[in-house]
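Below is one structure; the comments refer to it alone.
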Amino acid sequence: MAVIVIKNLTYTYPTMDHPALREVSLEVEAGEFVAIIGPNGAGKSTLCYTLAGFVPHFFKGELQGDVYVAGQDIRHVRLEDWVLKVGLVFQNPFNQISGAKFTVYEEIAFGLENIGVPREEMKRRVEEVMALTGIADLADRSPYALSGGQQQRVALASILVMQPEVLVLDEPTSQLDPIGSREVFQVIRQLAHQGVTIVMAEHKVEWIAQYADRVIALAEGEIIASGQPAEVLTDPRLPEYGIGISRYTAVARQAAEEGLWPPHQRLPVTLEEAAAGFRAIEETDYARLR
Amino acid sequence: MVERLSFYLERNSPLHRLNPTTKLVVAFTLILVAFLGRGLFLPSLIFLLILAPLSFLGQVGREFLRTTLNLLLPLFAFLFVMQSLFYPGGKTVLFGFWIFAVKLEGVRFAFLTATRVLVMVSSFLLLLLTTHPGVLLLDLTQRGLPASVAYILASTLQIIPQMQAKAATILDAQRSRGLDTSGSLGRRIRALLPLVGPLVFGSLVDVEERAIAIEARGFRSSRPKTSLVEIEDRPLERALRWLCLLAFILALGSHLWP
Amino acid sequence: MRVCVENVHFEYPGGVKALRGVSLIIEPGERVAIVGQNGAGKTTLVKHLNGLLRPTQGQVIIGDWDTSQVEVHRLAQRVGYVFQNPDDQLFCRTVAEEVAFGPRNLGYAPERVHQLVEEALYLAELTDKAEINPYDLSPSWRKMVALASVIAMDTPIVIFDEPTTGQDARTIRRIEHMIEALRQRGKTILTITHDIDFCAENFERVVVMGQGQVLADGPKERILGMVEVLAQTYVEPPQLTRLGMQLGFETTVCTPAQFLETLRRRLGHYRANGLGRSEN
């Protein structure tokens, strides 16, 4: 069943004269992990804010078309309670610290206090999510005294702990070290398997290729491609739109021009696919010479 | 990177275990009694016989005395010089030099004012040293303080060190571009401009994002709130708070008595 | 101008030991990337190079200046430092004024300031945006303004703190072009980065940091293949390096050119004698 249904969404911020999103249509199934790619300014954040209800309820402005999440029309939800359904993690981790709390542990519990979770359950959930996001050792630190990467993990944990049905993430790994980024993708993947619907804007195509179910490419407010990661991430138009592709895809494309990639084989998006393709080339070459 | 956001010192003392509202009530009562009560030595006795011993009971005696002195000594010096010399209507000259005369009334007034300020500052300091600000706000919220007021108070406590850290980063960025922030006053004032712009712009962006962030955490949720921390409140403490009210009435009475 | 970091220790006022005996010599014109996990001490280290931090123990020498003897605004003549967040530094009404701020502070003659500003704007692809208020630009372009405002200072050493964080492919290309132009001018370039592919394609030497120490330091072809050392500090080899390893390449490849060259050589090798293929 589709949890997110967007039809012909066009949205303009009140201070802007051109739409941030144009004629966007999209459906996302329960438990699906959808990644959104696109250059900065393409509308990725706006799409995230729309799903979380901040467009139009916080930013106001003009919204045309339909946005239904979990069967409800986004225009008619109450923002203050909508956050229970859709969790939002955005880019700047520093500004996601509530300011109301003095330790990481309390910070993560903040959302649960607000939605009235009983104390014992609260503690259990906070501790679980800290273990899941790898920040158990930060429990007693001040959230302000952490590095950008640590704050980013705290921001993620603070939303995960609220167990929303739909999780919207806007570049949640921008400040993390490489293995830290991959770990976040793994955690997100695991949540999707548990039935949480995920929409995540990201630049890190290698991990998108490996962990996402589907990729949507946005440029200038429009969806320019949508489908399986392998399909979208090898779309030859991506570089023209200023969208990054993985080194595997890029190098295989160059190799293909010299006949060093198996003819008629789709370009690779993951390490495994690239290795298999180039190994095949070496083997056919080797076999031909035998 | 500021780790310590308040005066609070973690200890396991009877004073720390008191309900935060009890401590707040006691602090206010002591201040009111000091200001309303009669007797030249009342405020100093409150400090010496109640506040100072309590600070040692709370295992924060050294920090309490040191911070109090650091905060107040310059003020006291100023008060004594100004009041003992210029107190209007002073008649009893203790001693004089050149064109100045030190008058008894002025010294008495300065002493009373100084010790009252001492009680005021040190009562709050003792409260802050032994009470986690988050717990205090939580307790007040549970007693009916609106959550938004508590939030503003809590975030204000944190915003100052944050702004300091941000200002330090901006200053570093501009010094790295060759901005000389030392030297004459004029030069320093000119050097302020490159700091103010980023600080103000940054704060505007921050305010919007922060509003989104706390909304996303269900801050305005219509559900009844719960709390992570349980705050104790014993019958004995309730009695103590009533006692404080009594003390306040007595002090007020003595103040109004002709 | 040579950078010499000698057994530097640094402890923050709170007592956190951020650097624990770091030594590093960087020759003029080198391009060095510093990688490592969050909290490894990377930013603390580079803040020592322009005097924002001074060692608790050990010393940092830039050319013939000891950073603990020279003020930050004077060290700015030798070391340019681009902060991670452009909004921490932009304050002028136009992009051109913003870019001119640094060179003016350094006391350069007006003609030279003018020329440096023009050149920096050109390198940052900002020439057509010179008269715009930086705050009317998108965050990506503000980043380019911040970069231009530091390279206009024409310092022999330039430091970038996480230049690609949150940037899209197009902006990263622009930054790469800028780094290439600085290389041609013989500048020493240092960057802190989590983007290990960017590191592999634009820098020649890699310093791996973990827990306040240098875990490995050398040419990228040696360092980026050290899977275990990198993993200690939460870093993985670049994509093409990992691919090369999977394919059993004898050498560590870092860039597309190196990868393709090795591939061609291996294929040519089979073609030449058909049998010499290494087992894998």
Side-chain angles (χ1 to χ4, degrees), chain A residues 37-42 91-92 94 145-153 171 173-183 203-206 238-239 241-248 250-255 258 260 268 270-272 274-276 278-279 281-283 285-290, chain C residues 14 16 35-40 43 84-85 138-141 143 162 164-173 194-197 200-201 230-231 233-248 253 255-257 259-260 263-264 266-268 270-275 277 280:
Chain A
I37 57 172
N40 292 345
Q91 276 183 52
N92 182 346
F94 184 75
L146 305 177
S147 74
Q150 290 169 325
Q151 284 180 342
Q152 210 152 24
R153 286 173 187 257
E171 294 189 38
T173 71
S174 58
Q175 311 222 7
L176 284 171
D177 43 44
I179 295 181
S181 303
R182 189 214 273 253
E183 285 175 355
H203 291 302
K204 291 176 181 157
V205 280
E206 180 176 18
L238 294 188
Y241 283 110
I243 302 175
I245 56 173
S246 82
R247 267 62 177 182
Y248 309 128
V251 84
R253 184 168 286 148
Q254 272 180 275
E258 300 178 33
L260 301 180
T270 62
L271 175 61
E272 285 65 34
F278 285 115
R279 205 172 284 135
I281 274 285
E282 289 194 347
E283 267 151 24
D285 222 53
Y286 184 59
R288 200 166 56 224
L289 290 163
R290 287 285 282 269
Chain C
V16 181
V35 301
Q37 73 190 113
N38 297 123
T43 301
Q84 191 178 341
N85 181 359
S138 70
S140 296
W141 281 114
K143 181 78 190 182
E162 298 283 3
T164 62
T165 292
Q167 303 302 336
D168 56 18
R170 205 173 273 158
T171 310
I172 295 174
R173 281 298 97 72
H194 285 316
D195 186 341
I196 200 76
D197 298 299
E201 287 160 18
L230 294 175
T233 188
Y234 260 58
V235 177
E236 282 182 305
Q239 295 177 15
L240 294 180
T241 309
R242 278 180 280 147
L243 180 56
M245 287 173 180
Q246 288 256 316
L247 294 171
V253 293
T255 63
F259 177 86
L260 288 170
L263 186 70
R264 275 183 224 115
R266 282 163 64 100
L267 294 172
Y270 310 145
R271 279 172 192 150
N273 56 30
L275 289 169
R277 181 173 182 246
N280 196 313

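All heavy atoms count here, side chains included; hydrogens, waters and symmetry mates do not. Note that the structure is a prediction, hence the values are computed from the model and not measured. Every chain is numbered from 1 and lettered A, B, ... according to where its sequence line falls, protein lines coming before strand lines.
- The contact between A/Leu176 and chain C is made by backbone and side chain atoms together, counting heavy-atom distances below 4.5 Å.
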side-chain contact (heavy atoms from CB on, under 4.5 Å) between A/Glu183 and A/Arg153, intermediate numbers included: CA-CA 10 Å; A/Glu183 285 175 355; A/Arg153 286 173 187 257; 3.3 Å; yes
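- Options A/Gln91, A/Gln150, A/Gln254, A/Glu206 differ in how many heavy-atom pairs under 4.5 Å they form with chain C, and the most are formed by A/Glu206.
- Take A/Asn40 and apply the side-chain hydrogen bond (donor to acceptor under 3.5 Å, both in side chains) test, not counting sequence neighbours, and it matches A/His203, C/Ser140.
- Contact tally against chain A (heavy-atom pairs below 4.5 Å) for C/Leu243, C/Leu240, C/Thr165, C/Thr233: the top residue is C/Leu243.
- Defined by atom type and a distance below 3.5 Å, a donor-acceptor pair is missing between the side-chain atoms of A/Gln152 and A/Thr173.
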Test C/Lys143 against C/Glu162 for salt bridge (charged side-chain N to carboxylate O under 4.0 Å, His left out), laying out the working first. CA-CA 11 Å; C/Lys143 181 78 190 182; C/Glu162 298 283 3; over 6 Å; no
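- Listed by chain and number, the residues in a side-chain hydrogen bond (donor to acceptor under 3.5 Å, both in side chains) with C/Arg170 amount to none (sequence neighbours excluded).
- Interface residue A/Leu271: backbone and side-chain heavy atoms are both found under 4.5 Å from chain C.
- The most heavy-atom pairs under 4.5 Å with chain C, out of A/Gly38, A/Gly244, A/Ala274, come from A/Ala274.
- In this structure, A/Tyr248 has its ring center at least 6.0 angstrom away from the ring center of A/Phe278.
- For chain C, the nearby part of A/Glu171 is the side chain; its heavy atoms alone come within less than 4.5 Å.
- Using a 4.5 Å cut-off between heavy atoms, A/Arg253 does not touch chain C at all.
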